[in-house]
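These notes concern the structure reproduced below.
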Amino acid sequence: MSTNPTVVLVHGAFADGSSWAPVVERLRAQGIESLAVGNPLRGLTHDGDYVASVVNQIDGPVVLVGHSYGGPVITHAGSKAENVKGLVFVASFGIDEGESALGSVAGFPEVELGTSLVPRQFPTADGTGTEFTIRQDAFASVFAADLPAEFTATAAVSQRPVAQDALGEPLGVEPAWKTLPSWFAVATADNAIHPDSQRAAAKRLGATTVEVDGGSHAIAVSRPDEVAGLIVAAVRAVA
């Protein structure tokens, strides 16, 4: 039986757990168990508490991995689950207490994502809320420019919308990266989160960092060897 930590993979906006499939295959080949969690994408506290509830029901240590908005979610969840031993951020936002995902990228060059969002309304307990998807004709360029058209065409019509509140809600807890070791994969051709923002976040977190040269926002799919390699390094470091 493996003594490695379980890797819990948290997707970000516009994606779902299947986006981790190539990484899961490579972790399995290394004898590492993993679980791709369905991120609700409704609000940072809500989503972080949900992921923490999943982690708290796993026996043994856990390494949390977050892509994009999943980075803030694991930053919250890692502070709520004592069995989390490390954090891995993949083409991610990196936020501090009192800061939101959107706020963390203010001051960095604008990216194509900002002009490609489509707002829609959805029902909430208090009335209605706003959620976003990426305009279908812009999806490939924004999210996955290094993947073939047959993949992006399907991904564009199967997006998971993200609530406006999720991206705009400030982190309400001390970030887990202040007490846990962190790793960061920077996608250098990302059109959703500017690479310079990712580099600044990695530096702030004190993360062990790799740059995926030419990688789009969807590097978990397009460059799974590099992403899985970083996760394996994190697992080995905390095992």
Side-chain angles (χ1 to χ4, degrees), residues 4-20 23-24 27 32-105 160-185 193 198 201-202 204-208 220 227-228 230-231 233-235 237-239:
N4 289 318
T6 299
V7 173
V8 174
L9 302 151
V10 182
H11 66 82
F14 321 119
D16 61 25
S18 67
S19 62
W20 291 111
V23 171
V24 169
L27 295 178
I32 297 172
E33 295 185 5
S34 61
L35 176 66
V37 177
N39 185 355
L41 305 178
R42 298 292 87 176
L44 181 53
T45 299
H46 174 272
D47 300 342
D49 285 347
Y50 173 76
V51 171
S53 75
V54 173
V55 172
N56 278 318
Q57 295 175 73
I58 295 174
D59 291 332
V62 165
V63 170
L64 275 174
V65 182
H67 172 244
S68 190
Y69 164 71
V73 173
I74 69 168
T75 298
H76 177 104
S79 71
K80 299 284 186 174
E82 292 185 358
N83 54 336
V84 176
K85 303 304 179 184
L87 307 169
V88 182
F89 298 82
V90 178
S92 178
F93 300 100
I95 65 172
D96 203 345
E97 187 171 4
E99 187 176 44
S100 69
L102 290 179
S104 71
V105 298
R160 286 280 309 283
V162 62
Q164 183 178 33
D165 288 347
L167 298 175
E169 181 184 347
L171 182 67
V173 298
E174 182 177 54
W177 51 260
K178 288 195 173 179
T179 56
L180 295 172
S182 298
W183 288 259
F184 206 113
I193 303 175
Q198 296 179 43
R204 166 194 270 181
L205 273 55
T208 300
V227 173
L230 185 65
I231 296 169
V235 168
V238 303

Donor-acceptor contact present, side-chain Ser19 to main-chain Ala15, <3.5 Å: no

Spell out, as yes or no, whether a donor-acceptor pair under 3.5 Å connects the side chain of Asn83 to the backbone of Gly60. yes

Determine which pairs satisfy ring pair (Phe, Tyr, Trp, His ring centres under 6.0 Å) with at least one residue from residues 32-63, sequence neighbours left out, and list them in order. none

Would you check if there is a donor-acceptor pair between the side chains of Glu169 and Thr45 at a distance under 3.5 Å? yes

Among all residues two or more places apart in sequence or in another chain, which pass the salt bridge (charged side-chain N to carboxylate O under 4.0 Å, His left out) test with Arg42? Glu131

How far apart are the closest heavy atoms of Ala166 and Val162, and which atoms are they? CB-CG2, 3.8 Å

Pro175 versus Ile95, closest heavy-atom pair with distance: CB-O, 4.0 Å

Residues two or more places apart in sequence or in another chain: which of them pass ring pair (Phe, Tyr, Trp, His ring centres under 6.0 Å) with Phe184? Phe89

Non-neighbouring partners of Pro170 that pass side-chain contact (heavy atoms from CB on, under 4.5 Å), sequence neighbours left out: none

Taking the side chain as every heavy atom from C-beta outward, state whether Val63 and Val8 have any pair of such atoms under 4.5 Å apart. no

Residues in side-chain contact (heavy atoms from CB on, under 4.5 Å) contact with Val105, at least two apart in sequence or another chain: Phe93, Ile193, Ser197

Could you tell me whether a side-chain N or O of Ser68 sits under 3.5 Å from a main-chain N or O of Gly12, the two making a donor and an acceptor? no

Residue pairs involving residues 57-78 (criterion ring pair (Phe, Tyr, Trp, His ring centres under 6.0 Å); sequence neighbours excluded): His67-His217

Can you name the nearest heavy-atom pair linking Ala176 to Ser79, along with the distance? CB-N, 3.6 Å

